[in-house]
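Read the structure below first, then the notes.
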There are 2 protein chains.
Amino acid sequence: MAQKNRLKYILLGLLKKQRQTGYDLAKSFDSDIGEFWTANHSQIYPLLKRMEADHLIAHEAITVGQKLQKKQYYMTSAGQQTFNAWLKSPSDLTGSHDEFILKLFFIDDPKSELLRPMITMQQQYHDEKLHHLEQQFQEKFPNQKRIDQDFGHSLVLRHAIDRERGYSNWLAEMVKTIKTE
Amino acid sequence: MAQKNRLKYILLGLLKKQRQTGYDLAKSFDSDIGEFWTANHSQIYPLLKRMEADHLIAHEAITVGQKLQKKQYYMTSAGQQTFNAWLKSPSDLTGSHDEFILKLFFIDDPKSELLRPMITMQQQYHDEKLHHLEQQFQEKFPNQKRIDQDFGHSLVLRHAIDRERGYSNWLAEMVKTIKTE
DNA sequence: CAAGTCATGTAAAAAGTTACATGATTGA
DNA sequence: TCAATCATGTAACTTTTTACATGACTTG
């Protein structure tokens, strides 16, 4: 597999919230989910067909006006199960397509018992990553001379560190929020 | 094109720093550049061939020990030009593969006159994005009830806002750094 | 001398982008 | 009525991943 077909899970997650057409799903990538993932209708339509063939979703044909045929897609129970299994599976974030964020997006209940273990795993990952990055910075840029020699690299590494710090803080905030819920 | 072949520019940028083999280039994606982009050797080797056919790079065969053949790749002047043109071209960041960061990585001179205009463009983009996201949050989550109804979405949106704020701060810091240089 | 790393490749498949194509409905 | 938007699809191509494949060098 080229990737783990995250788009499939995104579509399932969106359909879980409400039954909708391929067109509606495609629009979601211009706003909401668009902050974290992109997809075009030309990728969505064929995938919906495949998912229907796999019995993860089904559709109801609706006629609008005189002729316009819409396909209102909805999740099957198999789709539900597949989606739930994905939520529980370990998240990877190769290529900066952060799968954890993706999963989080679909957990609408603040009391979900999935949240805490997911966050804990993520905290561990990001703490380690932050530590690793800080070490890298120390090694590669111990003084101003090195920074001036490879300025862009130092900026980018600093950005990565900032990003991880921000990520960690955000996770810590999250823990507080669900604690008081 | 499926994307704008950013990997090509990454390889050029890495070769600009020093001539090296495909194997060496592949290793870079385990550390350095690995924070921002991933690539496997199976993608790198064929691309190097294509780039050589396009005269962007060339190689020198080196024999190590008795038989081992290495291909030491290096940039041609055409490659230089292509790379420089890329640095000056507008950056897009669809799919969270942030091209600006990628470009920055390759600007090793803190006095480069490319930096300021690039940063300015980026600041504008991220300020607008931040504003847009904050508005989104206000619209979608005006009260706690809405947050509880769509908890994950709210967290993820908050994360996006944090991320943009972090990005903006980082850009502002950068401006200060290059100012005093 | 064996394990780990260095070194280079190809093949098959999945994922994603861009372009091509068509037609209906809605609101100004 | 005309432009914008709704709605669905296919084709061609590029990018990316995973797996297959081979062999040399280095260090303990």
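Within every chain, numbering begins at 1; the chains are lettered A, B, ... in the order of the sequence lines, protein sequences first and strands thereafter. Bear in mind that the values here come from a model prediction, so they are computed numbers and not experimental data.
Using modelled atom types, one side-chain atom of B:Q20 and one backbone atom of B:L14 make a donor-acceptor pair closer than 3.5 Å.
Between A:L68 atom CG and D:dT5 atom P the separation is 16 Å, expressed in whole Å. A straight line from NE2 of B:H41 to P of D:dA19 spans 13 Å, rounded to a whole angstrom. At whole-Å resolution of the value, NZ in B:K67 and C1' in D:dT22 are 13 Å apart. Nucleotide C:dA7 holds its P atom 16 Å from the CD atom of B:Q66, rounded to whole Å. Rounded to whole Å, atom P of D:dT8 lies 11 Å from atom CD of A:Q20. Nucleotide D:dT10 holds its P atom 12 Å from the CG atom of A:L48, rounded to whole Å. Atom CG in A:L47 sits about 12 Å away from atom P in C:dA14, given to the nearest Å. Between A:K8 atom NZ and C:dG16 atom P there is a gap of 12 Å when expressed in whole angstrom units.
At the phosphate of D:dT15, OP1 or OP2 sits under 4.0 Å from a side-chain N or O atom of B:R50. Within the structure, every side-chain polar atom (N or O) of A:K27 is placed at least 4.0 Å from both OP1 and OP2 of D:dT5. Neither OP1 nor OP2 of D:dT8 sits under 4.0 Å from any side-chain N or O of A:Y23. Residue B:Y45 has a polar side-chain atom (N or O) positioned under 4.0 Å from OP1 or OP2 of C:dT8. Of the side-chain N and O atoms in A:N40, none sit less than 4.0 angstrom from OP1 or OP2 of C:dG16.
Across D:dG9, D:dC25, D:dT15, the shortest atom-to-atom separation from the side chain of B:N5 is found for D:dT15. Distances were taken from every side-chain heavy atom of B:K49 (C-beta onward) to each of D:dG9, C:dG9, D:dA24; the shortest belongs to C:dG9. With C:dA15, C:dT10, C:dG9 as the candidates, the nucleotide lying closest to the side chain of B:S42 is C:dT10.
With a 4.5 Å cut-off on side-chain heavy atoms, B:Q43 and B:L47 do not count as touching. Counting heavy atoms from C-beta on, the side chains of A:Y73 and A:D24 never come closer than 4.5 Å.
The aromatic rings of B:W170 and A:H159 sit tilted, their planes meeting at an angle between 30° and 60°.
From one end of the helix from C:dC1-D:dG28 to C:dA28-D:dT1 to the other, with five pairs defining each end axis, the axis direction shifts by 40° (rounded to 10°).
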Quick one: do A:Q72 and A:T21 satisfy side chain to side chain donor-acceptor pair (under 3.5 Å)? Show the steps, please. CA-CA 5 Å; A:Q72 197 85 281; A:T21 65; 5.6 Å; no

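Ion pairing between a basic and an acidic side chain is recognised when a charged N comes within 4.0 Å of a carboxylate O; B:R19 and B:E60 show such pairing. Salt-bridge check for A:K49 with A:E52: failed, with every basic side-chain N at 4.0 Å or more from each acidic carboxylate O.
Positionally, the nearest nucleotide of DNA chain C for A:Q43 lies more toward the 5' end than for the other of A:Q43 and A:V64.
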